[in-house]
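Worksheet: the structure to be examined is printed underneath.
Just so you know, these numbers use all the heavy atoms, side chains as well, and skip hydrogens, waters and symmetry mates.
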Amino acid sequence: MNELFHPRPQIKEVGSDILCCEFLTDEGIDMLLSCIKDTDEWTSNYRDPDYFTQDLHFKTSLPGFYEILKDYLESEIHPLASAFWGVPDFKVKDLFAVRYTLDTQTSLKLHHDSSFITGSVKLNNDYTGALLNFPRKKFTNENIKVGSLLLWPGNITHQHECTSLLEGEKYSLTIWTDECLEL
């Protein structure tokens with residue numbers, strides 16, 4: 001499944017402590033998006049109405065993709081980000097798709113993630129609005145290419161939101177991680 005990923009990823013800083021690299025190929029995006037759209041296992045997080053989400057968790061719904069993505073992230077991407085920030089290595093904690101539609105979730109309030117380092121991949125761009133926005137960092141993913149991976153510290157410094165969806169449907173991949181603690 002190497003055709004899923006861009007070879008030899010290189011990380012660059014595109015915002016204040018926000019990293020970006022080419023991640024999924026066009027073929028990889030098409031395969032992943034097709035599987036996501038064909039799966040009827042979306043869950044709705046109603047526990048906290050302020051942070052309602054439409055999620056598809058890869059570990060249970062797409063376990064093959066979960067393992068492939070996890071292995072690539074941990075072997076190819078995480079070491080580059082760890083070296084950039086000078087932090088210990090980290091491992092994937094959760095991989096999930098998020099869906100924004102006009103009749104379900106249209107936005108997400110300003111928040112932090114329960115993640116050491118968070119990642120996000122835009123899987124399509126045939127929608128209007130629904131920008132990943134970091135107000136304090138004065139950065140959005142508006143000009144980030146579909147399939148590219150954004151990485152940022154998940155807690156404290158990088159509050160973010162998704163602005164209102166105005167038209168179409170938005171799909172994205174979210175990656176949450178844990179720090180690898182050495183004993």
Problem set entry | Verdict with reasoning, I36 to L173, per side-chain contact (heavy atoms from CB on, under 4.5 Å) | CA-CA 10 Å; I36 288 169; L173 171 65; over 6 Å; no
Exercise. Is it true that atom NZ of K59 has more than 12 heavy atoms of other residues, nucleotides or ligands lying nearer than 6.0 Å?
Worked result: no
For this session: Could you check if a side-chain atom of C180 sits within less than 4.5 angstrom of a side-chain atom of P88, using non-hydrogen atoms only?
Result: no
Problem set entry | Sub-4.5 Å side-chain heavy-atom contact between H160 and S120 | no
Problem set entry | Residues forming a side chain to side chain donor-acceptor pair (under 3.5 Å) with E76, sequence neighbours excluded | none
Mind listing the closest non-hydrogen atom pair of [X] and [Y] along with its distance?
{"X": "P79", "Y": "S75", "result": "CG-O, 3.6 Å"}
{"X": "A97", "Y": "W42", "result": "O-CZ3, 3.6 Å"}
{"X": "P153", "Y": "W85", "result": "CD-CZ2, 3.9 Å"}

For this session: Report the residue from T174, I68, L69, V92 that forms a side chain to side chain contact (heavy atoms under 4.5 Å, CB included) with F58.
Result: L69
Once side-chain contact (heavy atoms from CB on, under 4.5 Å) is applied, do any residues pair with [X], and if so which ones, sequence neighbours excluded?
{"X": "D178", "value": "K91, K93"}
{"X": "S82", "value": "V87, D89, F90"}
{"X": "E13", "value": "D17, L19, F84"}

Out of curiosity, does [Y] fall in the hydrophobic cluster containing [X] (side-chain heavy atoms, cut-off under 4.5 Å, transitive links)?
{"X": "L4", "Y": "I175", "value": "yes"}
{"X": "L73", "Y": "L150", "value": "no"}
{"X": "L33", "Y": "Y66", "value": "yes"}
{"X": "I29", "Y": "L151", "value": "yes"}
{"X": "I11", "Y": "V14", "value": "no"}

Flag, side chain of [X] to backbone of [Y], donor-acceptor distance under 3.5 Å:
{"X": "K122", "Y": "I144", "value": "yes"}
{"X": "Q54", "Y": "Q105", "value": "no"}
{"X": "S115", "Y": "T177", "value": "yes"}
{"X": "T53", "Y": "D55", "value": "no"}

Problem set entry | Parallel, tilted or perpendicular, as decided by the 30° and 60° cut-offs, for the rings of F5 and Y72 | parallel
For this session: Run the numbers on K137 and W152 for side-chain contact (heavy atoms from CB on, under 4.5 Å), then give the verdict.
Result: CA-CA 11 Å; K137 303 297 179 181; W152 65 88; over 6 Å; no
Exercise. Between H158 and H112, is any side-chain donor less than 3.5 angstrom from a side-chain acceptor?
Worked result: no
Exercise. Excluding sequence neighbours, so at least two apart, what forms ring pair (Phe, Tyr, Trp, His ring centres under 6.0 Å) with H57?
Worked result: F96
Problem set entry | L95/L62 under side-chain contact (heavy atoms from CB on, under 4.5 Å): CA gap, chis, key distance, verdict | CA-CA 10 Å; L95 290 165; L62 297 170; over 6 Å; no
Sequence neighbours left out, cut at 3.5 Å: what donor-acceptor pairs do the side chains of residues 124-134 make with other protein atoms?
{"unit_1": "N124", "atom_1": "OD1", "unit_2": "Y171", "atom_2": "N", "d": "2.9"}
{"unit_1": "N124", "atom_1": "ND2", "unit_2": "D126", "atom_2": "OD1", "d": "2.6"}
{"unit_1": "N124", "atom_1": "ND2", "unit_2": "E169", "atom_2": "O", "d": "2.8"}
{"unit_1": "N133", "atom_1": "ND2", "unit_2": "E161", "atom_2": "OE2", "d": "2.7"}

